[in-house]
Amino acid sequence: SIAAMAHHANIPRFYCPAALAVGARIELPASVVRHATGALRLREGDPLILFDGAGREATGLLQRDGKRLFAQLETSRECSRESCDTETGG
């Protein structure tokens, strides 16, 4: 599962101030889209982690709809603000 991979692989993490609920389809902000597709060259189906900066992070898969990118969330968990804001995800 993506959750298991999140602690073992270098899955990219992005700040996204949205409701990070399991099953949600979150449209990614323009700044995240630029970084994900430009610098990191992520493609549809690639795993990613979103964190809201308020104690929640979620794992999901990148989806494309035209020029818009979404994360289809598969897991969501509470974490301390510090661990959610670090590169390792706690």
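- Under the 4.5 Å side-chain criterion, counting only non-hydrogen atoms from C-beta, Leu50 is in contact with Leu48.
- When all heavy atoms of Tyr15 and Gly53 are compared, the pair lying nearest together is CE1-N, 4.0 Å.
- At a threshold of 4.5 Å between non-hydrogen side-chain atoms, the residues Pro17 and Asp52 do not count as touching.
- Across all non-hydrogen atoms, the minimal contact from Ala24 to Ala19 is CB-O, 4.3 Å.
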- [ ] I would like to know whether Cys16 and Val32 meet side chain to side chain contact (heavy atoms under 4.5 Å, CB included); could you show each step before the answer?
- [x] CA-CA 8 Å; Cys16 186; Val32 170; 5.5 Å; no
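- Sorted by first and then second residue, the side-chain hydrogen bond (donor to acceptor under 3.5 Å, both in side chains) pairs with a member in residues 21-33 read Arg25-Gln63, Glu27-Arg68; sequence neighbours excluded.
- The heavy-atom pair separating Leu61 from Gly45 by the smallest distance is CD2-O, 3.4 Å.
- Hydrophobic cluster membership is shared by Val33 and Leu40, with clusters built from Ile, Leu, Val, Met, Phe, Trp and Tyr side chains linked at under 4.5 angstrom.
- Note that CD of Gln72 is 11.5 Å distant from CG of Leu62, once rounded to the nearest 0.5 Å.
- Residue pairs meeting the side-chain hydrogen bond (donor to acceptor under 3.5 Å, both in side chains) criterion with at least one member in residues 37-47, sequence neighbours excluded, do not occur.
- Partners of Ala58 by side-chain contact (heavy atoms from CB on, under 4.5 Å), not counting sequence neighbours, listed by chain and number: Leu20, Leu73, Ser76.
- Between Arg34 atom CZ and Leu28 atom CG the span is 12.0 Å, to the nearest 0.5 Å.
- Hydrophobic clustering, with ILVMFWY side chains joined whenever heavy atoms are under 4.5 angstrom apart, keeps Phe70 apart from Ile49.
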